[in-house]
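The block underneath contains the structure these notes are about, expressed in structure tokens.
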Amino acid sequence: TTKLFVKCSFVHKKLRSLNQAGLVEKFVDSLIWVIYPVWLLQVGFDLKSVGLLTAAYGLTWGGVQLFTGAISDWLGRKPMIIVGMLGCALSLALMPSLKDFQSQFILALSTGLSMAILYPTLLAGVADWSHSHWRGKTIGIYRFWRDLGYGIAALSMATLASLFGNLEVVFYGVAVALTLSTIEVAIRYKEYIPRPRYWKTVGESIRLLNKESRVLIIDVREEWEFAKGHIDEAINIPLENLCHSNLKEVLDPETTYLL
């Protein structure tokens with residue numbers, strides 16, 4: 001476990017970038033649930049408005065991520081993570097300068113939407129780069145770094161507010177941290193496997209290759225093994241998925257050789 005922790009936290013560039021992103025995105029949570037309500041009260045909002053604004057963030061985040069995780073299967077993890085983190089950074093950076101309810105409501109919604117884009121996608125990215133034999137441990141390591149973000153956020157935000165004597169600087173500080181974290185993801189993270197938008201099912205992928213070749217090579221290893229190296233023009237259908245597919249319906253036995 002110690003060896004795997006070191007590998008996932010510091011050696012494996014892709015997992016390291018996701019772990020640090022998970023840690024930093026908890027700064028947003030900490031700010032919205034702790035600093036944001038206090039700041040709203042300071043600038044003149046009543047308790048009802050504070051409740052509505054924080055609820056707008058939470059409900060948007062919770063509801064929309066039912067769909068964003070699935071969308072990342074189609075679009076890929078990296079663009080979703082980058083859009084989500086930069087969306088949070090921009091929304092938080094604008095909050096201190098727009099002090100009317102309508103603007104704050106829109107920014108709360110956009111922050112919740114950005115978190116919904118980001119949150120399930122980070123976890124999916126960790127799962128992508130984890131072998132099934134140690135995926136649970138890898139996710140546990142990711143959760144360690146992610147939840148550690150709460151403690152680091154509390155200390156850093158309290159320090160910033162004390163040094164500068166106001167809460168608005170905290171919004172800008174978190175926005176900067178998110179931007180730097182996004183740069184790390186953009187540089188270090190790579191998609192685990194190509195995600196062709198037209199290969200929605202096993203049958204469709206086979207039909208596509210049948211148009212181009214009489215020989216169809218199916219690599220039945222797991223996705224992580226396939227990504228390390230494979231025969232040119234082979235397609236990857238893990239054995240478990242292949243066993244649940246009716247190949248007779250999509251193969252022409254007179255023109256296609258199955259390897």
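Source: prediction; values computed, not measured.
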Within the side chain of [X], is there an N or O that forms a donor-acceptor pair under 3.5 Å with the backbone of [Y]?
X	Y	value
Glu25	Met85	no
Ser181	Leu178	no
Ser17	Lys14	yes
Arg135	Ser130	yes
Thr111	Ser91	no
Ser9	Val6	no
Asp100	Leu98	no
Glu191	Lys78	yes
Thr179	Ala175	yes

| query | Is it true that Val174 and Ile183 fall in one hydrophobic cluster, defined by side-chain heavy atoms closer than 4.5 Å? | reply |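 No: no chain of side-chain contacts under 4.5 Å links Val174 to Ile183.
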So which heavy atom on [X] is nearest to which on [Y], and how close?
X	Y	answer
Tyr172	Ala93	CE2-O, 3.3 Å
Thr60	Ala116	O-CB, 4.3 Å
Gly125	Leu18	C-CD1, 3.4 Å
Gly22	Arg146	O-CG, 3.3 Å
Glu223	Pro238	CG-CG, 4.2 Å
Cys8	Asn19	O-ND2, 3.0 Å

| Approximate separation, where rounding is to 0.5 Å, of Met80 CE and Leu122 CG |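 One gets 10.5 Å once the value is rounded to the nearest 0.5 Å.
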| field | Nearest-0.5 Å distance, NZ of residue Lys190 to CG of residue Asp128 | value |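 Going from the NZ atom of Lys190 to the CG atom of Asp128 covers 15.5 Å.
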| said: I'd like to know whether Leu90 forms a side-chain contact (heavy atoms from CB on, under 4.5 Å) with Leu86, so could you lay out the CA-CA distance, the side-chain angles of the two residues, the decisive distance to 0.1 Å, and finally the verdict. | reply: CA-CA 6 Å; Leu90 180 60; Leu86 291 181; over 6 Å; no
Is the shortest heavy-atom distance from the side chain of [X] to the side chain of [Y] under 4.5 Å?
X	Y	value
Leu53	Phe101	yes
Asp29	Tyr57	yes
Tyr189	Trp129	yes

| field | Pair Ser72-Arg77, side chain to side chain donor-acceptor pair (under 3.5 Å): steps then yes or no | value | CA-CA 5 Å; Ser72 74; Arg77 317 298 186 204; 2.7 Å; yes
| field | Check: Phe45 ring centre within less than 6.0 Å of Trp39 ring centre | value |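 Ring-ring flag for Phe45/Trp39: false, centres at least 6.0 Å apart.
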| Centroid-to-centroid, Phe5 to Phe144, below 6.0 Å? |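 Under 6.0 Å, so yes.
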| request: Before giving the answer on side-chain contact (heavy atoms from CB on, under 4.5 Å), spell out for Ile141 and Lys7 the whole-Å C-alpha distance, their side-chain angles and the decisive distance to 0.1 Å. | output: CA-CA 10 Å; Ile141 293 167; Lys7 178 181 179 180; over 6 Å; no
| request: Please report the C-alpha distance between Arg221 and Asp219 in whole Å, then the side-chain angles of each, then the deciding distance to 0.1 Å, and finally whether the salt bridge (Lys or Arg N to Asp or Glu O under 4.0 Å) criterion is met. | output: CA-CA 6 Å; Arg221 295 176 298 166; Asp219 191 321; 2.8 Å; yes
| query | Going through the distances and angles, do Leu47 and Leu41 end up as a side-chain contact (heavy atoms from CB on, under 4.5 Å)? | reply | CA-CA 7 Å; Leu47 286 174; Leu41 291 172; 3.8 Å; yes
| task | Quick one: do Ile71 and Thr121 satisfy side-chain contact (heavy atoms from CB on, under 4.5 Å)? Show the steps, please. | result | CA-CA 9 Å; Ile71 293 173; Thr121 309; over 6 Å; no
| request: Answer yes or no: does atom CZ of Phe105 have more than 12 heavy-atom neighbours from other residues, nucleotides or ligands under 6.0 Å? | output: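 No, because the 6.0 Å sphere around CZ of Phe105 holds 12 heavy atoms or fewer from other groups.
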